[in-house]
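A short worksheet on the structure shown next.
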Number of protein chains: 4
Amino acid sequence: MTPPDRPVRADAARNRALLLAAAEEEFAERGPSASVADIARRAGVAKGTVFRHFPTKEDLIAAIVSEHIAVLAEAARRLADSPDPGAALLEFLTIAADQRQRHDLTFLQSASDGDPRVTEVRDALHANLETLVDRARTSGAIRADITEADVFLMMCAPIHIVENLPAPAPLLWQRYLAIIFDGLRPDGAHPLPQPAPAAP
Amino acid sequence: MTPPDRPVRADAARNRALLLAAAEEEFAERGPSASVADIARRAGVAKGTVFRHFPTKEDLIAAIVSEHIAVLAEAARRLADSPDPGAALLEFLTIAADQRQRHDLTFLQSASDGDPRVTEVRDALHANLETLVDRARTSGAIRADITEADVFLMMCAPIHIVENLPAPAPLLWQRYLAIIFDGLRPDGAHPLPQPAPAAP
Amino acid sequence: MTPPDRPVRADAARNRALLLAAAEEEFAERGPSASVADIARRAGVAKGTVFRHFPTKEDLIAAIVSEHIAVLAEAARRLADSPDPGAALLEFLTIAADQRQRHDLTFLQSASDGDPRVTEVRDALHANLETLVDRARTSGAIRADITEADVFLMMCAPIHIVENLPAPAPLLWQRYLAIIFDGLRPDGAHPLPQPAPAAP
Amino acid sequence: MTPPDRPVRADAARNRALLLAAAEEEFAERGPSASVADIARRAGVAKGTVFRHFPTKEDLIAAIVSEHIAVLAEAARRLADSPDPGAALLEFLTIAADQRQRHDLTFLQSASDGDPRVTEVRDALHANLETLVDRARTSGAIRADITEADVFLMMCAPIHIVENLPAPAPLLWQRYLAIIFDGLRPDGAHPLPQPAPAAP
DNA sequence: CATGAATGAGAGTTCATTCAT
DNA sequence: TATGAATGAACTCTCATTCAT
């Protein structure tokens, strides 16, 4: 009867994008308790519009998180066949930190743990990252006892570290990424006191 | 008529301690949105009593945070004259992570940034930690380009890292502390791309 | 250019009927708080279409109610010249209850009290029912002190009564119609303590 | 530690009563969609106070309903040993209608169907009413085929009937109670077309 | 002093209604 | 004309905070 899958209306798509951007900023500034009303105001739409696009606040959070993870999954995929696996892994971590530098939303991840769309992109990220890490390990760029799970877990650490400062220099995270990456290198490595966690 | 200070103080001090403990547990379980009512219930006192001891929720948070920092300041002070500065620094980081492992309350720090009592103990921690780091650096246990600010900022990283897992093994953080500490060591160190932040 | 009235009217009339049916079902299932969105979905049209046909939700309700009353008015008219006035009245009450049995929408009546179209068909029902009741009274099938207003008011009672049960047997209302009708009969009638209400 | 079961504070008890009264009036005037805010305003308390006394709107409704049913259960109990069982039953129905005349809240019953407190008092009412009906039946005051379930279901009918009028005379319900009660009498009774429903 | 009842601002969410497409 | 995106008021409910008891 109606043309199936009618193309998304231009203004609706624009509002969705505006909302995601506004929500990111609001969450970044106010933390997890940013309110839907403030997000709507920042996006320049009415409160009801938020719920038209994202039935619950959790759905909005999941949309933000899965978008961020998707970018990382794609980056990992792109770097997977780099000729220099060690450099590729470092670049991946650089991209990951840089993305988060702009908006740290790690605290949102716990709120979206069960969401299926988040799970899906996260699984993709795990798969792509595993290739990256395996190649870096095989090539001797990182220690033999480092797993994909280790890298995944440490991915956000540089950003978290600088967030303890009230006004960190914009690229300060690179300092801590360098330190951590030095810790991943084989030279002068001490044995690790605990086994790597199981891949999720 | 009644001795001016003693008898009530006993009760009051007990309640204060009960409240701090209950609040820690509640924040650890429920995150930053733990409610004053639940904290009061857990402590076995009435809601009003919470506000008698801590005029606002922020004050309660500041009290928890400053207590935690005080413990670390004292640990740093105690370790300052250790004969093995490298081992002393590692032990300090172990203590710090271990403390947070039991109750991660890092998310509370931002809520208590301006509080003067927090500032005071944090200054003390900075001072004591500086001694510790300086000696480790001088002794060659850590790189020449690592400052007290670096160590302070990275202090919580091992705990943050494992918190990305839903149910981390209790000692898993030791794995990441080891990796990071390897990164702090002079052997095989690469130059750091960014200068250390100014001491706060 | 296009023939002024015909071609669209077919679609429009179909949609109107679909909407009325969907609304009836939705109100019956969900009660007075059934939402316009759900009604539209059930009818397979967009929300805006509901408001094209019925400018407000109240208008939609009034349309349903007046349609129901019109059916009753017609039934009363048809039965008005029956040779057995007592049986005719009982049949009218049976039809009325049976109609409501399928969809009890009595709760909608209060929402449509002022609507002129409702008033019109209700007046017709009153007129036709008056004939029916007058003839039943004159023929001795019911008491001398029963008026059209009485019958009109008691019309829905059998359905209301069974609605107090969670899952009434489909024909249980007949039991209570029989009891009430026995109360209308002249045999063994006790005088009534209050006068009949004025005809509206 | 604290005196257990400390007596309810006078002002709290007063507020609870004010709220119940205000809620009854508000529901009677506005129907089931009366808002908690309006109820609070009518009672002269803040919105939050409503939720202190009744954790959800449903709890408030259940409290009203169970209070009403309790009054009826007590009335039935009191009338159970009357020397004239027929008159006792009629008086019970009169009390029931009179209570509802003041505030018809039948529509609230469905909202509180699952509540255990409501169930409890309703069970008591059923038990007491059964005695009343059994004695009336045995004494020949009502038909042999009328059960407690019948009377329970028909209890509200007189009020429902007059509610179809916009401004019914205050005692008009007595007219319909008389008609219905005549229908319950043995004289001139016709056999009933459907069996009585099972006792709930 | 401790208590917990009261407060009221603000949270997420729903929904009748409007209007650009 | 039909659509469904946008609106914004109203809803139930929560919670830090105040204050009479």
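Since the structure is predicted, the reported quantities are computational estimates derived from the model, not experimental observations.
When the options Val121(C), Asp115(C), Val118(C) are evaluated for a side chain to side chain contact (heavy atoms under 4.5 Å, CB included) with Val65(C), the one that passes is Val118(C).
If you measure from atom CZ of Arg41(D) to atom P of dA6(E), you get 18 Å, rounded to the nearest angstrom. Following rounding to the nearest Å, Phe54(A) (CZ) and dT14(E) (C1') show an atom-to-atom distance of 18 Å. The CD-C1' distance, from Glu26(C) to dC15(E), rounds to 14 Å in whole Å. Between the CZ atom of Phe27(A) and the C1' atom of dG12(E) there is a distance of 12 Å, rounded to whole Å. One interatomic measurement links the two molecules: CZ of Arg30(A) to P of dG10(E), which rounds to 12 Å at whole-angstrom precision. Between Asn15(B) atom CG and dT3(E) atom C1' there is a gap of 12 Å when expressed in whole angstrom units. Leu19(B) places its CG atom 14 Å from the C1' atom of dT3(E), with the value rounded to the nearest Å. The nearest whole Å value for the distance from the NE2 atom in His53(A) to the P atom in dT13(E) is 16 Å.
Judged purely by atom type and a 3.5 angstrom limit, Gln99(D) has no side-chain atom pairing as donor or acceptor with the backbone of Val71(D). A donor-acceptor pair is defined here as one N or O able to donate and one able to accept, closer than 3.5 Å; no such pair exists between the side chain of Asp38(D) and the backbone of Ser35(D). With hydrogens and angles ignored, the 3.5 Å screen pairs no side-chain donor or acceptor of Thr49(D) with any backbone N or O of Val45(D).
Under 4.0 Å is where a charged nitrogen must lie from a carboxylate oxygen, and between Arg42(A) and Glu29(A) at least one such pair does.
Both Thr49(A) and Arg52(C) lie close to DNA chain F; mapped to their nearest nucleotides by heavy-atom distance, the more 5′-ward contact belongs to Arg52(C).
Using a 4.0 Å heavy-atom distance criterion, Val50(D) is classed as making no nucleic acid contact.
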Derivation of the salt bridge (Lys or Arg N to Asp or Glu O under 4.0 Å) call for Arg14(A) and Asp11(A): CA-CA 5 Å; Arg14(A) 206 184 64 102; Asp11(A) 54 348; over 6 Å; no
Verdict with reasoning, Ile61(A) to Phe54(A), per side chain to side chain contact (heavy atoms under 4.5 Å, CB included): CA-CA 9 Å; Ile61(A) 291 176; Phe54(A) 308 99; over 6 Å; no
Nucleotides 13-21 of chain F: protein proximity per nucleotide (B base, S sugar-phosphate only, - neither; heavy atom, under 4.0 Å): BB-SBB---
Pairing string, 5' to 3', for DNA chain F - Watson-Crick or wobble contacts under 3.5 Å, brackets [ ] where pairs cross, | to another strand: .||||||||||||||||||||
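Note that the CD1 atom of Ile39(A) and the CD atom of Glu26(A) stand 6.0 Å from one another [nearest 0.5 Å]. Taken to the nearest 0.5 Å, the NZ atom of Lys47(D) stands 9.0 Å off from the CZ atom of Arg41(D).
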